[in-house]
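These notes are about the structure you will find just below.
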Amino acid sequence: MPALANASPPAYNAGMGSDSAAELDAWLRNGGLVVTASDRAARAIAAAYHHARRAEGLTAWQAPQVLDWQRFLRTAWDEQTTDGRLLLNSFQEQSLWAGIVADSGHSAVLLEGPRDRLAALAMEAHRLLCLYSPKFLARSSRASWQQDAAAFSQWLVAFDEICRNGNLLSMSRLPLELNPVLQSGQAERPPLLLAGFDRLLPMQRSIFDAWGHWQEMAAGEPAGTIRSYSAADTKDELAACAHWCRSWVAANPRARLLIVTQDVTLRRGELERAFLKHANGDRAAPFEFSLGIPLIQTALARSAQLLLRWLAGPLEEHELDWLFSTESATANSQEAFALQAMMRAVRRRGLERTQWTLRAFTQQPVSGQLPAGWVQRMLSAQRHLETSAQLQRSPLDWAALVSELLETLGWPGRIMSSAEFQIERRWQQVVETCGSLGFDGRRVAWADFLSDLTRGLGETLFAPESEDAAILIAGPSESAGLTADAIWFLGADEDSWPARGSMHPLLPFDVQREAEMPHAAPQFDWELANAITRRLLASAHEVHFSFARQKDGVDTRPSRLVAHYAGSPQELPSDLVPPVSQHPLAVPFADSSRICFNAISEVESETGSTNGAEARTPNHVVRGGSTVLTSQSQCPFKAFATARLGAQWWEPAEVGLSASLRGQLLHAVLHSVWGGPPDGIRTQDQLNALPDLRAFVAKHARRTIAEKIPAAAHEQMPQRYLELEEQRLTRLVSEWLDFETTRLPFTVAATEVDASPTVVGLTLKLRLDRVDRVNDGSLIVIDYKTGDVSPKSWELPRPDDVQLPLYAGFAISDAELGGLLFAKVRPGELCFTGRVGDAASTLFSDLGRSSALVKNPLTAEQLIDWREHIEQLARDFLAGRAEVDPREYPTTCKRCGLHTLCRIQESAPGTSDDEESAESGQ
Ligand code: SF4
């Protein structure tokens with residue numbers, strides 16, 4: 001296979017050395033004009049022409065005349081007429097259709113999104129009529145159209161009228177207008193060579209006839225090698241294709257390969273992963289896509305759009321996180337770091353919001369940490385916009401303002417790469433295109449202009465300039481006019497090839513069938529697919545087809561069309577099955593080094609810890625309290641990352657109270673209730689003596705909500721919502737206190753108890769929810785929980801939670817300790833669970849022998865085992881033991897949130913590509 005490529009020169013028709021390549025080159029040299037079906041083909045042919053001249057040793061030569069169909073029409077129109085009408089760009093035309101659709105009062109157009117989609121459909125229907133069946137452009141010929149087609153017919157009347165009155169010309173009408181001009185013109189025109197047209201429509205044929213001399217490029221020789229394969233599934237199919245490319249490029253780096261597949265945009269991530277995975281050694285064979293990605297998906301354009309949006313409205317908190325991480329919103333990396341630190345501080349203080357306006361962001365309690373220069377630029381741009389946005393303006397004015405605002409903001413704020421310069425240029429083009437909406441003298445509000453800009457960024461594709469990569473990935477239609485050394489056609493199954501589609505919903509079906517519009521009949525799809533298949537077979541010396549027998553869990557059959565040319569598909573041969581041991585993307589590395597905690601001269605103390613608990617050594621402070629050792633038990637790396645590197649996982653902000661804030665409120669109400677006189681109580685007798693338990697609890701709940709919910713949260717939540725939360729707390733705590741009246745007598749010795757036990761040199765600051773003294777004089781330590789908890793989490797050898805065992809072993813004497821309990825304060829599930837020395841005598845008198853509290857008492861042996869284990873955990877932490885070793889994969893990791901730091905997905909056993917896909921959102 002690669003032997004063919006060894007003799008191949010590069011460039012268009014790369015390596016084929018075919019008659020068609022020579023024909024093209026000769027045609028262009030002689031000053032002929034080449035018209036291609038696609039922009040990509042035009043660029044490839046021009047690039048190949050330049051390449052050939054350079055190969056001849058020339059330093060200067062005349063530019064070749066290569067135009068794609070659309071540019072050919074525009075150029076011809078400009079050259080052949082002095083018509084004063086404005087040729088609408090697609091954005092301008094769609095805005096006209098959107099206006100017409102909106103004025104029609106159609107039920108689907110109340111919202112902007114559906115209106116734009118309907119406008120796009122109407123524009124496409126108009127294009128199809130112009131291209132396939134111009135006779136229906138006459139209003140009288142559409143008199144019998146019904147329902148949606150009749151509505152479209154009315155819109156078309158309005159569109160024609162607007163164009164007539166405004167001296168405007170749709171690009172779709174251009175061929176129809178150009179035809180008579182060409183026919184009547186006398187000018188000498190260069191001969192045309194057509195490249196890459198899978199089928200010529202009658203209208204196109206008549207344009208070329210009117211032009212003068214034209215001919216289609218001769219088809220290349222049919223491929224000498226044609227193969228068809230069947231793979232077990234799409235993963236194997238892609239792997240074989242990537243492996244095949246790798247072998248080709250390894251044998252001949254100058255080879256040019258074309259990969260053809262349906263749905264390139266949807267499959268982009270999957271294809272990229274496959275080609276990277278089956279790379280040649282450390283390097284993947286260079287590949288590129290014929291189609292770009294929406295401009296809004298590039299970091300630079302998205303950052304500009306977010307900045308502009310933020311000047312006039314709120315951004316989601318996750319959008320701010322993203323914006324500050326790109327460094328496109330700041331003048332330098334110091335500003336970006338400061339803003340990222342600010343977001344951390346906001347969350348640590350519990351001030352997170354789902355949305356932030358710029359004003360709220362710059363006026364929040366921790367705004368003193370904001371970089372002054374950044375604040376000054378943002379507010380200055382906002383003032384500028386506010387002054388301008390008081391009036392409706394022409395889109396042209398808004399487009400000019402966009403540049404001014406971005407300049408004030410300092411966007412993009414950093415040195416750009418070559419690709420980013422190209423993105424910036426494309427951004428400017430889109431802004432100018434949006435400005436061109438002022439062609440009809442309209443005036444719009446800033447919000448409308450911004451909405452148009454966002455749509456434009458979504459509809460504009462961006463692909464970096466081609467670097468002439470060895471592998472080009474294209475859709476069947478986009479591959480028109482491209483040739484290569486070898487071609488691989490993926491997804492050649494019966495459902496996908498010929499490609500199927502639906503008929504246009506705004507045109508009568510009989511009209512579409514009569515005009516042979518795309519998808520109007522299976523026969524038309526077959527004929528088009530047949531033409532593309534034949535063209536591909538003549539575009540390389542070697543052509544491979546493949547299909548997956550299973551796709552999305554469903555059995556598939558091979559394409560009958562492909563079988564017609566390539567025969568029945570064969571099982572993938574062994575040389576196309578990648579060896580099992582590929583070079584892994586991530587190379588596991590056993591890091592046995594340990595950096596002792598005591599070896600660090602200074603560990604910065606983080607302020608604002610949410611639970612107020614800390615772990616101390618004589619000279620150092622780390623965050624976390626007992627959670628340091630809990631983390632060490634769950635996964636040593638987790639303890640290292642959180643306590644020593646300061647890594648944290650943030651929960652996204654919620655519109656109402658978050659689950660964690662609700663849990664804190666419950667703790668606070670119970671602390672307030674059991675806080676003792678003058679407002680609280682301390683004993684079960686006092687609890688029993690309360691005349692109105694609910695009113696008593698309601699008073700504590702009200703005060704707690706007023707004191708504990710941050711002022712910023714108060715602003716965002718309706719009063720009624722907070723009242724409902726108060727009612728919920730009152731009901732839950734009342735039910736819990738009712739439950740506590742069934743206990744044997746007790747006294748609350750303390751709530752929110754601070755303790756500082758030292759474990760093998762590590763001093764830990766702990767805070768316990770509550771300690772009760774029970775009827776035998778012993779102490780029972782109680783931890784309130786609203787989630788699903790069980791004393792199983794204390795079980796050795798790797799406990800999931802060491803807080804209470806830690807307290808039992810190091811903060812209280814064995815003689816005094818009576819038990820450790822989780823108090824499960826959960827609606828409908830109120831209970832105590834844990835280990836108590838003698839639960840039937842000290843907790844509930846009615847406990848049966850089968851009760852877990854009776855069956856599993858707290859024992860002296862258990863306390864010794866816990867103590868030894870906790871000491872070992874502390875020693876491991878101090879010694880710097882930091883292996884990525886989750887206690888129970890993947891359960892432990894699901895609650896951790898440090899996946900991106902420890903990269904467990906890349907090393908955990910059983911991690912499949914499917915899981916990777918799910919993680920990456922593909
Ligand atoms: S995600 Fe899992 S492996 Fe990674 S640090 Fe957390 S617990 Fe450890």
Side-chain angles (χ1 to χ4, degrees), residues 318 321 325 340 344 347-348 584-597 600 603-604 606 609-611 613-615 622-652 658-660 762 764 785 787-790 792-806 869-870 872-922:
H318 65 86
D321 283 327
S325 71
Q340 290 161 19
R344 290 197 294 275
R347 283 164 170 141
R348 239 178 255 128
L585 283 180
V587 180
F589 170 68
D591 183 1
S592 56
S593 60
R594 289 182 184 172
I595 302 170
C596 294
F597 186 70
I600 300 172
V603 178
E604 189 182 342
E606 294 266 3
S609 168
T610 50
N611 61 8
E614 295 172 334
V622 290
R623 303 182 62 211
S626 67
T627 58
V628 175
L629 297 187
T630 291
S631 298
Q632 188 72 28
S633 180
Q634 289 174 341
C635 172
F637 181 79
K638 183 178 176 186
F640 182 82
T642 52
R644 293 181 60 174
L645 303 182
Q648 276 178 283
W649 164 257
W650 302 120
E651 293 292 341
S658 65
S660 104
L762 185 70
L764 300 158
K785 294 287 182 195
D788 206 9
V789 284
S790 155
K792 277 185 183 307
S793 63
W794 304 331
E795 281 178 6
L796 299 174
R798 289 187 73 174
D800 198 30
D801 178 6
V802 299
Q803 186 187 14
L804 292 188
L806 178 61
H869 185 76
I870 287 168
Q872 187 56 46
L873 288 174
R875 273 193 287 273
D876 288 345
F877 176 77
L878 290 171
R881 213 191 123 187
E883 298 93 291
V884 175
D885 179 19
R887 173 179 174 271
E888 187 186 351
Y889 181 83
T891 312
T892 309
C893 300
K894 278 185 188 148
R895 295 178 275 126
C896 174
L898 296 177
H899 313 71
T900 47
L901 202 57
C902 67
R903 300 171 70 177
I904 181 70
Q905 260 102 1
E906 294 168 32
S907 54
T911 303
S912 68
D913 284 357
D914 294 344
E915 284 168 319
E916 287 171 26
S917 305
E919 278 295 321
S920 61
Q922 299 290 336

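Model, not experiment: these values are computed from the prediction. In listed order, ligands and their atoms are each counted from 1. Scope of the values below: all heavy atoms of this structure, side chains included, with no hydrogens, waters or symmetry mates.
For the side-chain hydrogen bond (donor to acceptor under 3.5 Å, both in side chains) test, no residue two or more places apart in sequence or in another chain qualifies with D801.
Although no hydrogens or angles enter the test, the distance criterion places no donor-acceptor pair under 3.5 Å between the side chain of R594 and the main chain of R881.
Atom 4 (Fe) of ligand 1 has C902 SG as its protein N, O or S neighbours under 2.8 Å.
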Any chance you could lay out the side-chain contact (heavy atoms from CB on, under 4.5 Å) test for T642 and L898, step after step, and finish with the verdict?
-> CA-CA 9 Å; T642 52; L898 296 177; 4.0 Å; yes

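Under a 4.0 Å N-O distance rule, the pair D800/R895 qualifies as a salt bridge. Using a 4.0 Å cut-off between charged nitrogen and carboxylate oxygen, D885 and K638 do not count as a salt-bridge pair.
Taken to the nearest 0.5 Å, the NE2 atom of H869 stands 8.5 Å off from the CD atom of Q872.
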